[in-house]
Amino acid sequence: MQLYSNINNTLVMLPKLKLISHILCPYVQRSLITVIEKQIPCDREYIDLGNKPDWFLKISPLGKVPLLLVDGEVLFESAVICEYLDEITPNSLHPLDPLTKAKHRSWIEFGSNLLAKIAGFYAAKDQETFETKRLDLIANLEILEAQLDASPFFAGEKFSLIDAVYAPIFRYFVTFDRYQNFGFSDRTPKINAWRKALLERPSVQQAVSENYYDLLDEFLKKRNSFLSELMN
């Protein structure tokens, strides 16, 4: 156990925490943003997902990151990890109202589906598939746009767990915009403002390395995809 003092000087005892990570993983970023926002003492260990260590494969049920070691016990799935970190510390980043909290959880799941669609977009092998994935992403962003009625964050002035989920998503669109206009931000002014606010947030900036965008460029160029052809 370790002593923890949050920004309001509330003292609580926390277990020893260690986050197993990968430098580009958006799901890891969710967890790190939560750790940083709540100033939680937490060790980090980065692994190479292309060459997973034996010890990692033995403890990871799905062979994926992030994993959170809690006094040696294993937690997996980023949404679960973020909620656990939030629940063991004061000043929740989730809404207190049960219905509002459930709605946030629904849109967190929507964010996970967006990440899957992003992966389909950057991995598309031919132009036809690429265009289908591009239009599907735009349609989903417009669905999200229609839900936004607050600023600067999803629920207004208060940063919440749902913001930690979407910040890593928006980093991808920053990268895509560098290559050409794929139409992802043409009809989403509220998302654009939300994205700007999130990417200026210190916790969001600190959740990745300084060369994150260079590493992501390198990763995307090696995908042997239609997008990688456009990038080269």
Side-chain angles (χ1 to χ4, degrees), residues 4-12 14 17 19 25-42 66 68 77-115 118 137-138 140-177 184-208 210 212-213:
Y4 161 82
S5 175
N6 77 336
I7 54 177
N8 290 331
N9 297 317
T10 302
L11 296 178
V12 295
L14 293 183
L17 303 171
L19 190 67
C25 178
Y27 297 97
V28 166
Q29 291 176 46
R30 297 180 179 185
S31 304
L32 283 174
I33 292 168
T34 305
V35 164
I36 297 166
E37 282 288 334
K38 305 208 76 175
Q39 301 181 8
I40 300 171
C42 183
L68 183 68
E77 293 293 351
S78 62
V80 174
I81 289 171
C82 288
E83 290 213 4
Y84 172 77
L85 292 168
D86 188 57
E87 288 174 358
I88 64 173
T89 50
N91 305 316
S92 178
L93 295 179
H94 249 329
L96 298 180
D97 174 69
L99 178 58
T100 306
K101 183 186 295 186
K103 290 172 68 176
H104 276 222
R105 284 174 171 149
S106 296
W107 287 104
I108 285 171
E109 182 61 25
F110 188 87
S112 295
N113 289 332
L114 261 183
L115 280 173
I118 288 169
L137 259 181
I138 290 173
N140 276 264
L141 288 170
E142 291 177 353
I143 291 171
L144 179 62
E145 173 80 5
Q147 307 307 310
L148 299 179
D149 56 8
S151 65
F153 304 119
F154 185 87
E157 292 293 330
K158 187 177 186 296
F159 185 95
S160 51
L161 282 183
I162 194 169
D163 296 299
V165 167
Y166 279 89
I169 293 171
F170 294 152
R171 286 195 218 274
Y172 281 104
F173 295 108
V174 171
T175 298
F176 298 151
D177 288 347
F184 295 136
S185 58
D186 288 354
R187 296 192 294 269
T188 55
K190 290 183 284 187
I191 288 180
N192 298 343
W194 184 24
R195 180 174 95 174
K196 183 176 185 295
L198 286 180
L199 295 182
E200 290 175 350
R201 185 89 173 175
S203 64
V204 172
Q205 295 175 350
Q206 294 166 22
V208 295
E210 290 184 359
Y212 168 82
Y213 287 109

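- Atom-to-atom distance recorded for Leu148:CG and Ile191:CD1 is 5.5 Å, nearest 0.5 angstrom.
- Remark: Ser185 engages no residue in a side chain to side chain donor-acceptor pair (under 3.5 Å) (not counting sequence neighbours).
- Atoms CD1 and CG, on Ile33 and Leu161 in that order, are 10.5 Å from each other to the nearest 0.5 Å.
- Nearest heavy-atom pair across Pro95 and Lys101 is O-CE, 3.1 Å.
- Both the sub-6.0 Å distance and the 45° axial angle are satisfied by Arg171 relative to the ring of Tyr212.
- Residue-environment remark: NZ (Lys190) exceeds the threshold of 12 foreign heavy atoms within 6.0 Å.
- One distance of note links NZ of Lys38 with OG of Ser203; it measures 12.5 Å at 0.5 Å rounding.
- For the residue pair Arg30/Ser112, the side-chain donor-acceptor check at 3.5 Å is satisfied.
- Around the CG atom of Leu99, the shell of radius 6.0 Å holds more than 12 heavy atoms that belong to other residues, nucleotides or ligands.
- For the atom pair Leu198 CG and Phe154 CZ, the distance stands at 11.5 Å (nearest 0.5 Å).
- Among residues two or more places apart in sequence or in another chain, the side chain to side chain donor-acceptor pair (under 3.5 Å) test is passed with Lys196 by Glu200.
- The existence of a salt bridge linking Asp177 and Arg195 is confirmed by a sub-4.0 Å separation between a basic side-chain nitrogen and an acidic carboxylate oxygen.
- A 4.5 Å side-chain heavy-atom check between Val165 and His104 finds every atom pair outside the cut-off.
- Across every non-hydrogen atom of Pro66 and Ser78, the tightest pair is CG-CB, 4.0 Å.
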Between Thr34 and Gln29, is a side-chain contact (heavy atoms from CB on, under 4.5 Å) present by the stated rule, with each step listed? CA-CA 9 Å; Thr34 305; Gln29 291 176 46; over 6 Å; no

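- By the 4.5 Å heavy-atom criterion applied to side chains, Ile169 and Pro26 are not counted as neighbours.
- Ring centroids of Tyr166 and Trp194 are separated by less than 6.0 Å, placing the two rings close together.
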Go through it in stages, so that I can follow the logic: the residues are Phe176 and Ile118, the test is side-chain contact (heavy atoms from CB on, under 4.5 Å), and I'd like the CA-CA distance, side-chain angles, deciding distance and then a yes or no. CA-CA 10 Å; Phe176 298 151; Ile118 288 169; 3.9 Å; yes

Checking side-chain contact (heavy atoms from CB on, under 4.5 Å) for the pair Arg201/Glu37: CA distance, chi angles, key distance, verdict? CA-CA 10 Å; Arg201 185 89 173 175; Glu37 282 288 334; 2.8 Å; yes

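- Here the closest heavy-atom approach between residue Leu93 and residue Ser160 is recorded as O-CB, 2.9 Å.
- Using a 4.5 Å heavy-atom threshold, the side chains of Ile162 and Phe153 count as separate.
- When side chains are defined from C-beta on, Asn140 counts as touching Phe110, because their heavy atoms get closer than 4.5 Å.
- Counting all heavy atoms, side chain and backbone alike, Cys42 lies closest to Val35 at CB-CG1, 4.0 Å.
- Taking both residues in full, the closest heavy atoms of Leu85 and Ile40 are given as O-CD1, 3.8 Å, listed atom of the first, atom of the second, then distance.
- Put simply, the side chain of Asp163 never gets that close to the backbone of Phe159: no donor and acceptor are under 3.5 Å apart.
- Here Glu145 does not pair with Arg187 in a salt bridge; the nearest charged N to carboxylate O distance is not below 4.0 Å.
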Assess the residue pair Phe170 and Val204 against the criterion (side-chain contact (heavy atoms from CB on, under 4.5 Å)); give the C-alpha distance rounded to whole Å, side-chain angles, the decisive distance to 0.1 Å, and a yes or no. CA-CA 11 Å; Phe170 294 152; Val204 172; over 6 Å; no

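- Distance OG1/Thr188 to CD1/Ile143: 13.0 Å, rounded to 0.5 Å.
- A distance-only check finds no donor-acceptor pair linking the side chain of Gln206 to the backbone of Ile36 [under 3.5 Å].
- Looking at every heavy atom in both residues, Pro168 comes nearest to Tyr172 through O-CD1, 3.5 Å.
- Side chains of Phe173 and Leu137 form a contact here, defined as non-hydrogen atoms less than 4.5 Å apart.
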